[in-house]
**Student:** 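Dropping a structure here in structure tokens format, bear with me for questions.
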Amino acid sequence: MGVRDDQKAATRERVLEAARDLFNEVGYEETTIRAIAERAGVSVGSVFTTFASKAEVLSHVMNHRLAELYGEFDRVVPYLRGTVADRLCSIFAIHYEFETRRTKLFLAHIAASYNPNNDPGVTPFGENRRLSQMLLDVLEDGVRKGEIRGDLDLDLIADTLKAAYAWNYRISAAAGGTTPASEMSAVMDKQIGLIAEGWKPR
Amino acid sequence: MSFVSVNIESATDSPVKLTRRALAKQRTRERVLAAARQLFSERGYEGATIRDIAQAAGMSTGAVFASFADKSELFEEILTADYEVIYAQMVQAARNAKTIDEALLGLFAIGYGFHVEQLPLLRASIAVSWTRSEAAERRARADIKHIFRLIADALQRGIDQGQLKADIDGKLLAEMTWDVYVANYRRAVYDGWSVEALLARLSDQLKVIFAGARA
């Protein structure tokens with residue numbers, strides 16, 4: 001990589017970090033590209049040569065964070081113990097713990113993904129393939145161990161769990177983003193318990 | 001599906017004869033609401049300014065403010081009018097249902113049918129719901145509470161008729177049902193799912209959620 005590329009990558013890093021903090025502190029709508037450039041110590045022009053729009057910046061910030069989260073997961077997942085329900089509870093609890101470190105940023109990302117005039121590059125809220133795969137792995141293991149009936153549609157169960165997980169952030173949104181992760185996890189635990197009632201072998 | 005606002009309908013049906021002044025005022029409101037609906041759908045809540053709305057309605061910003069305190073009041077009035085149309089039809093659907101599944105799918109078929117036809121406005125309202133003020137949140141909750149009442153009634157009938165166990169956690173079941181119903185709109189927004197596809201998915205999800213609750 002040449003000096004130019006190094007510089008470009010460094011600018012990119014600084015812009016993403018500044019944007020992440022500003023979105024979380026003052027809000028996404030309230031943050032201008034100019035403010036991001038100022039915070040990152042780069043020119044407005046150089047932000048625009050790297051990203052097409054503010055929405056694209058947000059998308060990259062969120063992808064960056066997911067990479068961070070799943071870096072943690074790869075270390076943790078092999079050590080998860082207990083029943084299928086226990087392991088699912090842990091997986092979601094880790095997600096809530098991670099996202100509540102910057103709740104306002106996460107809520108801004110959800111809001112932006114529904115905005116009718118957003119850019120095509122925005123990641124839809126709820127379309128998280130890593131999470132889907134993680135849930136499927138645990139559910140399939142449950143079928144192998146006889147905890148879950150073999151005749152069920154596991155994709156559908158994972159999809160239902162993800163919907164509950166995603167919309168539990170409403171609890172936090174309703175409280176202005178101040179709900180602790182433990183409160184959302186507690187609700188999720190009950191929801192997982194309820195679905196688990198239905199997948200038991202009869 | 002009729003998108004006629006309940007507010008407007010009841011005003012026209014009213015036997016009270018409006019003065020010319022009151023009529024003019026009402027027409028102004030309607031023009032503002034129609035322009036706002038259009039702009040919120042095209043640009044989202046943040047993207048549509050009062051100035052744009054006034055211009056689209058062919059009046060001054062001051063004239064808009066004479067009818068509405070601010071943008072959020074304008075937006076909420078549009079959503080509330082829609083909500084009243086939906087709710088009235090949901091009550092009907094729930095009343096005619098024979099089983100718990102029929103009741104819930106009937107309720108949400110109304111919601112999907114209405115919103116899929118005006119997806120951009122729904123998107124704007126969902127977007128706003130994640131970052132709105134606490135006061136706006138409280139007002140929105142008051143609306144949704146009525147729908148939750150309908151769900152709770154349907155669950156109770158399910159218990160009474162022996163379709164559901166007596167010791168189910170009704171609140172939890174209702175919340176999860178609502179979660180999957182709303183989450184599915186993503187499929188309409190990003191994957192172009194039809195009302196029928198959404199309902200088929202919802203029906204499957206309800207099987208997952210209610211599997212342990214059936215008597």
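Here is the naming used below: chain letters follow the sequence lines, and residue numbers restart at 1 for every chain.
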**Student:** Of all the heavy-atom pairs spanning A:A164 and B:M176, show the shortest one and how long it is.
**Tutor:**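 Shortest heavy-atom contact: CB-CE, 4.1 Å.
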
**Student:** When rounded to the nearest 0.5 angstrom, what is the spacing between OH in A:Y169 and CG in B:D179?
**Tutor:**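 Answer rounded to 0.5 Å: 13.0 Å.
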
**Student:** Let's test your reading of the structure: which of B:S125, B:G47, B:S129, B:A136 forms the most heavy-atom pairs below 4.5 Å with chain A?
**Tutor:**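 Heavy-atom pairs under 4.5 Å are most numerous for B:S129.
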
**Student:** With side chains defined as the heavy atoms from C-beta onward, is the minimum distance between B:L172 and A:Q191 less than 4.5 Å?
**Tutor:**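 Touching, per the 4.5 Å side-chain cut-off.
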
**Student:** Take atom CZ in A:R149; do more than 12 heavy atoms of anything else shown fall under 6.0 Å from it?
**Tutor:**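 Yes.
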
**Student:** Mark yes when over 12 heavy atoms from residues, nucleotides or ligands other than B:Q55 sit less than 6.0 Å from its CD; otherwise mark no.
**Tutor:**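 It does not: B:Q55 CD has 12 such atoms or fewer within range.
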
**Student:** So for A:S172, is it side chain, backbone, both, or neither that comes closer than 4.5 Å to the heavy atoms of chain B?
**Tutor:**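 No part of it gets close to chain B.
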
**Student:** May I ask you to establish whether A:R170 and B:W130 are in a cation-pi arrangement, using a distance under 6.0 Å from NZ or CZ to the six-membered ring centre and at most 45° from the ring axis?
**Tutor:**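 Yes, A:R170 lies over the aromatic ring of B:W130.
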
**Student:** Under 4.5 Å, counting heavy-atom pairs only, tell me which of A:A163, A:P124, A:G198 racks up the most with chain B.
**Tutor:**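 Ranked by heavy-atom pairs under 4.5 Å with chain B, first place is A:P124.
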
**Student:** Non-hydrogen atoms of chain A under 4.5 Å away: do they reach the side chain of B:Y45, the backbone, both or neither?
**Tutor:**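 Neither part.
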
**Student:** Could you check which of A:L107, A:D159, A:V187, A:I157 has the highest count of heavy-atom pairs closer than 4.5 Å to chain B?
**Tutor:**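 The candidate making the most pairs under 4.5 Å is A:D159.
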
**Student:** Side chain, backbone, both or neither: which part of B:S133 has a non-hydrogen atom closer than 4.5 Å to chain A?
**Tutor:**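 Neither the backbone nor the side chain of B:S133 comes within 4.5 Å of chain A.
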
**Student:** Go through the atoms of B:R214 and report whether side chain, backbone, both or neither lie under 4.5 Å from a heavy atom of chain A.
**Tutor:**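 For B:R214, neither part sits under 4.5 Å from chain A.
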
**Student:** Which one of A:I195, A:N168, A:I110 has the most heavy-atom pairs closer than 4.5 Å to chain B?
**Tutor:**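 Among the listed options, the one with the most contacts to chain B is A:I110.
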
**Student:** Would you name the heavy atoms of B:G44 and A:N115 that are closest together and state the gap between them?
**Tutor:**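 Nearest pair, atom of B:G44 first, then A:N115: CA-OD1, 3.7 Å.
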
**Student:** Mind ranking A:A173, A:A174, A:G177, A:G176 by heavy-atom pairs under 4.5 Å with chain B and telling me who comes out on top?
**Tutor:**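 Counting heavy-atom pairs under 4.5 Å, the top option is A:A174.
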
**Student:** Out of the candidates A:T160, A:L152, A:D153, only one should pair with B:V208 under the side-chain contact (heavy atoms from CB on, under 4.5 Å) rule; please name it.
**Tutor:**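 When side-chain contact (heavy atoms from CB on, under 4.5 Å) is applied between B:V208 and each of A:T160, A:L152, A:D153, only A:T160 qualifies.
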
**Student:** Just give me the residue among A:E197, A:K162, A:K190, A:K104 that pairs up with chain B most often, heavy atom to heavy atom, under 4.5 Å.
**Tutor:**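 Ranked by heavy-atom pairs under 4.5 Å with chain B, first place is A:K190.
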
**Student:** Sort out for me which of B:E42, B:R141, B:R201, B:E134 touches chain A most, counting heavy-atom pairs under 4.5 Å.
**Tutor:**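 Looking at each of B:E42, B:R141, B:R201, B:E134 in turn, B:R201 comes out on top.
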
**Student:** Side chain, backbone, both or neither: which part of B:I209 has a non-hydrogen atom closer than 4.5 Å to chain A?
**Tutor:**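 Both parts, backbone and side chain.
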
**Student:** State, with a plain yes or no, whether a side-chain heavy atom of A:Y114 is found less than 4.5 Å away from one of B:R186.
**Tutor:**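 Contact flag for A:Y114/B:R186 side chains = yes.
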
**Student:** Step through the shown structure and confirm whether more than 12 heavy atoms of other residues, nucleotides or ligands are within 6.0 Å of CZ on A:R101.
**Tutor:**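 It does: A:R101 CZ has more than 12 such atoms within range.
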
**Student:** If I measure from the heavy atoms of chain A, does B:Q205 come under 4.5 Å with its side chain, its backbone, both, or neither?
**Tutor:**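 For B:Q205, backbone and side chain are both near chain A.
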
